[in-house]
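Below is one structure; the comments refer to it alone.
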Amino acid sequence: MAFPRRLWRVLDRHPPPGIAGIGRRWRSPLRGPWLTSVYGLVLLVGLPLVIITGLLDYAAYSPQFGQALPRDVGWLRLPPFDWPTRPAWLFRLTQGLHVTLGIMLIPMVLAKLWSVIPKLFDWPPARSLAQVLERLSLLLLVGGILFQIATGLLNIQYAYLFGFDFYTAHYFGAWVFIAAFVAHVALKLPRLVSALRSRPVRAELRTSRAATRAEPPDPDGLVAAQPRPATMTRREALALVGGLSLLLGALTIGQSLDPLRRTALLLPRGRQPGHGPNGFPVNRAAAAAAIRDTDTGPDWRLSLSGGKRPVALDRTQLLALPQHTARLPIACVEGWSTAQTWTGVRLRDLAALAGVPEPASALVRSLEQAGLFNQAVLQANQLRHPDALLALRVNGADLSLDHGYPARVIVPALPGVHCTKWVTDIAFRTRSDA
Ligand SMILES: Nc1nc2c(c(=O)[nH]1)N[C@H]1C(S)=C(S)[C@@H](COP(=O)(O)O)O[C@H]1N2
Ligand SMILES: [Mo]
């Protein structure tokens with residue numbers, strides 16, 4: 001042990017240029033355990049919601065069918081369960097909460113980091129094994145959340161700048177963050193409680209700027225040794241960050257609420273989705289999916305298989321079958337969602353026509369040749385639901401080519417990405433081993 005101790009003494013005496021005293025340069029009198037703990041409390045409530053809704057979003061993609069990305073997550077596999085079809089807005093809610101709340105918490109995360117920044121410059125960097133472990137876990141905590149925020153934001157802006165797969169990165173990044181978050185909470189919860197108790201909230205929020213003083217020195221060294229006079233009260237600091245959160249929320253919420261669509265300034269697409277019955281956001285336009293007019297013209301047929309012999313129907317025949325109308329959302333994991341009124345043939349009627357009255361699953365395929373989203377597997381409960389449709393019309397008009405003409409899938413609570421457009425073929429199965 002003599003060697004590390006000597007090394008430590010040398011490090012202590014010779015800090016690298018720039019590091020020495022840098023921690024002392026942060027002199028805000030607001031910085032201290034109380035403010036850190038208030039931001040921490042908000043994150044302690046908010047982040048688990050973002051984490052849980054994020055994992056639910058992943059579960060909604062039916063990992064048990066090998067549909068969710070990343071495909072193979074080893075022992076990080078979630079317990080398999082059939083994603084429910086009731087209520088119809090379930091995925092709209094989980095996906096919307098994950099994205100909106102995730103965005104709203106960004107100012108809180110940055111404020112919390114600001115409040116502990118002097119600790120980044122602790123010197124010497126390693127006093128004890130416990131401290132090394134703590135710093136390592138903080139690296140995963142801070143690195144983890146910044147990584148999740150960055151990849152999430154880039155994804156909803158459709159900016160695939162990174163050279164890796166978003167879904168894989170965001171899923172494994174989430175688990176790194178979750179592990180560090182749990183460790184951090186376990187370690188710091190007692191300090192959070194005592195810091196919050198140390199200053200009554202009401203009194204703190206009423207303190208004037210002139211009366212705003214630094215907290216007494218704390219063992220973590222958050223409180224500045226020589227604080228400068230306050231330029232802001234703690235109430236103002238909290239209001240500033242809370243106000244920024246609300247502003248981000250206001251600029252985001254329109255992506256989930258149709259009447260507020262135009263206010264979703266942070267949304268790159270779908271803010272002005274056009275007019276008329278087909279005037280709602282498009283994920284992938286027909287041209288981008290290389291759908292040719294000849295494929296969707298009079299020669300188009302829907303093939304149904306799984307029974308004794310395959311059945312082929314053209315659009316006129318489909319329109320002659322019993323039609324059902326339902327108001328159902330499309331919710332895209334990239335953030336936006338919208339509710340529309342769809343009309344078409346029930347999937348369970350199509351299954352019966354195919355000779356598979358009680359299907360365990362179905363593989364739906366699109367005319368689209370390439371692309372990750374040109375097919376999907378539907379579960380038994382998704383096929384059975386009376387509102388689960390092969391839609392031919394929307395809001396009283398024929399589907400537009402961009403919304404999947406001649407026919408597209410729409411199922412309650414199904415993630416948008418599995419609402420396959422330009423359907424050409426449905427293979428019903430009696431066993432769910434997809
Ligand atoms: N064939 C095909 N179907 C598809 C897609 C696709 O890229 N190809 N995108 C999916 C995604 S991610 C979403 S969110 C919905 C969007 O439907 P909309 O463009 O009609 O709004 O379509 C889904 N169906
Ligand atoms: Mo989507």
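Numbers here are sequence positions counted from 1. First listed ligand is number 1; within each ligand, the first listed atom is number 1.
- By the salt bridge (Lys or Arg N to Asp or Glu O under 4.0 Å) test, Glu204 pairs with Arg199, Arg234, sequence neighbours left out.
- Protein neighbours of ligand 1 below 4.0 Å, counting non-hydrogen atoms: Pro281, Val282, Asn283, Arg284, Ile330, Cys332, Trp336, Ser366, Glu368, Phe373, His403, Arg408, Gly416, Val417, Cys419, Thr420, Lys421, Trp422.
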Evaluate the criterion ring pair (Phe, Tyr, Trp, His ring centres under 6.0 Å) for residue pair Tyr61 and His418; output intermediate values, then yes/no. CA-CA 8 Å; Tyr61 285 86; His418 291 163; 5.4 Å; yes
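- Of the N and O atoms on the side chains of Arg209 and Thr233, not one donor lies less than 3.5 Å from an acceptor on the other residue.
- Residues satisfying the side chain to side chain contact (heavy atoms under 4.5 Å, CB included) test with Asp314, not counting sequence neighbours, are Arg301, Thr316, Gln317.
- With sequence neighbours left out, the salt bridge (Lys or Arg N to Asp or Glu O under 4.0 Å) criterion links Arg206 to no other residue.
- For the 3.5 Å distance criterion, the side chains of Asn155 and His170 fail to qualify, holding no donor opposite an acceptor.
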